[in-house]
Amino acid sequence: MTSSRTRKLDADRLPVREINATIRRAAADGEREIRIEHPGARHNLAVAVLRDIRVAIDGPVGYYCGGMSDGVRLEVRGSAGWGLAECLLSGTVVVEGNAGNGAAASIRGGTVVVKGDAAARAGIAMKGGLLVVGGDCGYMTGFMMQRGRIIVCGNAGPALADSMYEGVVYVGGEIAELGNDTVVSDASAAELAEIQAALAHHGVKGPAAFRKVVSGRKLWNYDKKELAAWKAAF
Amino acid sequence: MCGIVGYFDKSGAGRPIGATLLSMLGALGRRGPDSAGVAVWGEAVDGVVVRVALSERADAAALGRELLARARRLGRVSRSAATGPFLRFTMGKVDVDALVAALESDGAEVVSLGTRLEIVKQVGAPQNLDTAFGAAKLAGTHGIGHTRLSTESRVDLSHSQPFWSHGIPDLAVVHNGHITSYHRLRRLYEQDGVRFYTENDSEVIGVYLGRKLREGASLREAMHASVRELDGSFSYLASTADTFGFAKDPFCLKPLLVAESAGAVAIANEEIALHAVLGHGYRAREAGAGEVATWDRGAGARRRRRVA
């Protein structure tokens with residue numbers, strides 16, 4: 001809920017540096033929320049917000065929105081460009097539209113929700129946290145992820161979760177192609193309950209059943225007997 | 001880095017495409033300020049419309065008169081005008097290869113040629129295109145634009161984009177990325193007698209597509225083949241008088257956002273450029289790995305998409 005006391009910031013003619021400084025000042029002053037109007041799809045908005053503050057952005061954003069943040073509750077009422085919420089430590093980042101390449105790359109914690117489609121390399125090198133994609137995800141989603149969960153309600157692109165170390169990817173739709181050293185099975189009833197709870201929490205509609213993709217762990221240690229798998233991975 | 005933009009009006013009616021492209025390029029200017037250019041497919045002429053960059057060394061006015069005289073020996077020249085380093089003229093039916101050879105024999109370079117294609121480009125930021133050439137007034141059904149950050153080759157008019165695919169009327173390309181198989185392909189094509197005008201790796205895309213078209217492929221077929229046969233990072237837009245489209249490399253290494261509505265298609269590396277001309281209410285999506293999509297003029301502007 002946006003109260004009448006919510007601070008509004010018209011970003012139209014402001015430099016990005018000033019927009020971000022205003023968000024950080026508001027957070028430091030203990031304000032609970034700030035609304036950014038006319039973001040104009042510009043880059044680097046709401047990066048490195050290190051406190052619990054709700055940031056609502058009224059429109060599309062460019063690259064790296066919300067990156068390096070810790071504790072932010074960010075909502076984007078539009079689409080987002082490359083590198084959405086990269087390296088997020090904690091908090092939530094919700095995008096109503098689509099996201100470009102590398103959404104939630106390298107996040108360590110928190111939740112990133114893309115209600116539309118996420119493009120290539122979503123959730124690569126994730127080290128924790130949760131990425132929810134309401135639509136489809138692109139090429140090499142979850143590549144080399146190390147921990148955390150990815151839930152994709154729609155279809156997954158080629159090379160899904162290639163060379164993942166740990167973590168889990170759930171896919172509701174079709175998987176175009178599994179990445180190297182992955183194992184696929186059906187999600188258990190307990191996992192499905194957890195997935196549905198996460199989706200419901202963010203108002204995302206998903207299918208009833210999900211497939212579960214985890215690491216085959218063959219690439220964890222070099223083994224001459226697994227030469228073929230290594231060749232394929234490289 | 002480089003910025004590329006494209007706009008396709010499905011209604012088929014002419015619109016100020018030049019102004020649209022300049023607004024988009026203006027929003028992407030920081031992706032590369034070295035040079036900028038636009039290609040617009042305007043109203044068809046009976047014959048060809050030609051734009052020539054006059055040699056910087058020669059007396060431009062005298063060279064311009066000399067080139068027009070050469071053109072007149074090959075066909076009927078109807079309108080001609082010189083703006084800065086450019087000579088523009090239209091002429092009736094003509095042997096294109098003979099015309100290009102005659103015009104380029106001493107340092108001049110044909111920048112664009114076609115029934116509808118016109119390219120203006122120069123060193124510097126996109127904003128200068130309007131002050132120098134009135135590029136905002138260029139009208140047409142579709143167009144592509146480029147703003148360049150040079151990485152591998154020199155900064156001059158010749159190395160600027162869009163590139164006309166020499167010898168193929170109406171075919172032009174803009175590219176963001178790096179074609180890593182450039183040297184190999186160039187060697188191969190040069191053995192075949194192809195002349196390269198620049199040392200810009202992007203030029204090879206137009207040459208590649210042009211060769212496919214000469215072999216009888218459609219632009220769409222040629223673009224699909226290019227995703228497999230070109231190597232490197234690329235998002236590129238290519239268009240002829242009738243077909244407009246984009247291609248993206250199989251590893252998704254360069255950004256390209258597409259917004260399609262009932263009336264138009266707008267494409268750019270960053271949403272900021274789409275926002276500049278579409279305002280609100282559009283939905284942008286990132287093109288997929290190895291994706292090619294083309295739109296044909298007329299017949300409801302059919303769109304065909306396939307991911308390689």
Enclosure of B:R15 CZ (heavy-atom neighbours >12, cutoff 6.0 Å): yes

Residue A:F210 excluded, over 12 heavy atoms near CZ under 6.0 Å: yes

Heavy atoms from other residues, nucleotides or ligands near NZ of A:K127 exceed 12 (cutoff 6.0 Å): yes

Check: A:S79 and B:E271 side chains under 4.5 Å, non-hydrogen atoms: yes

Side-chain donor/acceptor of A:R121 to backbone N/O of B:C252, under 3.5 Å: yes

Atom CZ of A:R108: over 12 foreign heavy atoms under 6.0 Å: no

Any B:E286 side-chain heavy atom under 4.5 Å of A:N98 side chain: no

A:E37 atom CD: more than 12 heavy-atom contacts under 6.0 Å: yes

Heavy-atom closest pair, residues A:G40 and B:I272: O-CG1, 3.5 Å

Min side-chain heavy-atom separation B:Y282-A:P60 under 4.5 Å: yes

Nearest non-hydrogen partners of A:G97 and B:R283, listed with the distance: CA-NH1, 4.0 Å

Close side-chain approach of A:H43 and B:E270, heavy atoms under 4.5 Å: yes

Nearest heavy-atom neighbours spanning B:A289 and A:Y139: CB-CB, 3.6 Å

